[in-house]
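Source: prediction; values computed, not measured. Counting convention: from 1, in listed order, for ligands and their atoms alike. The residues of the chain are indexed from 1 along the displayed sequence.
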Amino acid sequence: VSALADDVRQGHRRAVARLITQVENDDPAARRALIELYPFTGRAHVVGVTGPPGSGKSTLVNEIAKALRRNELTIGIVAVDPSSPFTGGALLGDRVRMRDLAGDSGIFIRSMASRGSLGGLARATGGVVKVLDAAGFDLILVETVGAGQAEVDIATTAHTTLVIESPGMGDEIQTIKAGILEIADILVVNKADRPGSDKAVAALKMMLHMGQAAAVRHHGQVMAVQAADGLAPQSAGWEVPVLATIATEGKGTNEVAAAVLGHRDYLKASGAWLEREKARSRKEVSQLLQGQLMARLQAAVPPAELEAVIAAVARREVDPYTAVARLFETLAV
Ligand SMILES: Nc1nc2c(ncn2[C@@H]2O[C@H](COP(=O)(O)OP(=O)(O)OP(=O)(O)O)[C@@H](O)[C@H]2O)c(=O)[nH]1
Ligand SMILES: [Mg+2]
C-alpha cells in the first residue's frame, strides 16, 4: 500500500487534501490510490443536497453539519460548483459561510470547481467521496446545483438525496420537475421566513401523496398540474418528509439532520442500502466500460476513417448497423 493511501486511511488531513487534488486533476497516481482504498470504502453515509441556484443549499449544509457534529458524527463536505453564471462567486461565499466549521478536526470541507465537462465533474466527485469515505468520515454531504443531469447523477452516488426548494422567487415561473420528486428522499422548503412557503410545503406534500409529477408556481401561487400517473414511489416503506427551514437562523435544521439519520436507519433496516450500493456500482462499472471501449475504438480506428464511415452512412452507402458491426470487428473484442 502506498504511503499516501495509508495516510488517507488514517485520516491525515493533508494526505486527504493531496489525494483529492490528484483526483480532481485526473492524475494516474489518484487511480492507483483509489484502487488501494476501495476495500476501505462503503462505510460512509453519502448524502446529496441538490436544488435550484440560491435556494440555500450551502447555508443548510452548514447547519446540518453543525447538528450532526453534536451527535459526534464526523462530516465531509463536498461543494460542487458547475461554474454556471448563477453561481459565480459561490466558492468564495461557501468559504466565508463555512468558516465557523473550520478548525474542527471532525469536519473536512472541499469546494470543487468544474474545469472540464459536467461528466468529468461527476466522475471526480465520485472519487472525492471515496477518499473521504476511506478516510473514515461518517457522513459525507455533497452539494450540487440542480441543473439537469447533475442532480440525477448525485442521486445515483448518494444513499440519501435532499432536494431544497425555496418559495416563489420573483415573477418567473418555476417548475418542479417530475425527476426531482423521483430522486428526493427528503424535501426541504427553505426560506420559510418568506411568503408562500406554507403553500409550497402543502403543494409538495400533495404532489407526493397523489403521485402527481409537476407543479407550476407563478406569482407566489402554487398550482399542482396533473401529469402522467403511475409514478413509482421513491421507495416502499419510506414516506418522503417535507420540511420547512430557515437555514440562516438555524430553524428546522435539527429536524432535517434527524430525517437524514432516520433515512439511513431505514436504508439499513430494509436492505435498500445494499440496493443503492448495487445501483451505484452498476453505473460506475458501465461508465468505465464505456470509457474503455471508446478509448479502444479511438485507438483502433483513426478519426479520419471514422469520419469516412459516418459520411458513408449519411450518403446511404452503408446502413449504421452494418457500419458499427464492421467497426467492432476492427476492435476484435
Ligand atoms: N431569507 C432567507 N435567506 C436565506 C435562507 N437560507 C439562505 N438564505 C440566503 O440565500 C442566499 C443563497 O444561499 P446559499 O446557501 O448560498 O444558496 P445555494 O443554494 O448554496 O446557492 P448556490 O450554491 O449558488 O446555488 C444567501 O444570501 C443566503 O444568506 C433562509 O432561510 N431565508
Ligand atoms: Mg451553494
A247 N/O under 3.5 Å from ligand 1 N/O | yes
Closest to atom 9 (C) of ligand 1 (heavy atoms only, candidates K191, R194, K251) is K191
Heavy-atom contacts with S58 under 4.0 Å: which atoms of ligand 1 show up? List them by number with element.
-> 15 (O), 18 (P), 20 (O)
With the Mg ion (ligand 2) at the center, what angle do OE2 from E143 and OG from S58 span, rounded to 10 degrees?
-> 90°
Which of the ligand 1 atoms, numbered from 1, are nearer than 4.0 Å to a heavy atom of E143 = 20 (O), 23 (O)
Please check if any side-chain donor atom of T21 sits under 3.5 Å from a side-chain acceptor atom of R110, or the reverse.
-> yes
When you measure from the side chain of H45 to the backbone N and O of L139, does any donor-acceptor pair fall under 3.5 Å?
-> no
Any side-chain donor near an acceptor of the partner, N190 and T245, under 3.5 Å = yes
How does E249 reach ligand 1, if at all, at less than 4.0 Å between non-hydrogen atoms: by side chain, backbone, both, or neither?
-> neither
For P53, the atoms of ligand 1 under 4.0 Å from one of its heavy atoms are 25 (O)
Less than 4.0 Å between a side-chain N and a carboxylate O, is that true for E275 and R280?
-> no
Only heavy atoms count here, so choose which of S197, A79, G54, G250 is nearest to atom 22 (P) of ligand 1.
-> G54
Which one of T50, T59, V80, I246 has a non-hydrogen atom at the shortest distance from atom 13 (O) of ligand 1?
-> T59
Is there a donor-acceptor contact under 3.5 Å linking the side chains of E143 and S58?
-> yes
Pick whichever of N190, T253, D193, T245 has a heavy atom sitting closest to atom 32 (N) of ligand 1.
-> D193
Between the side chain of W238 and the main-chain N/O of D185, is any donor-acceptor distance below 3.5 Å?
-> yes
In terms of side-chain heavy atoms, does T59 have a donor or acceptor partner in N62 at a distance below 3.5 Å?
-> no
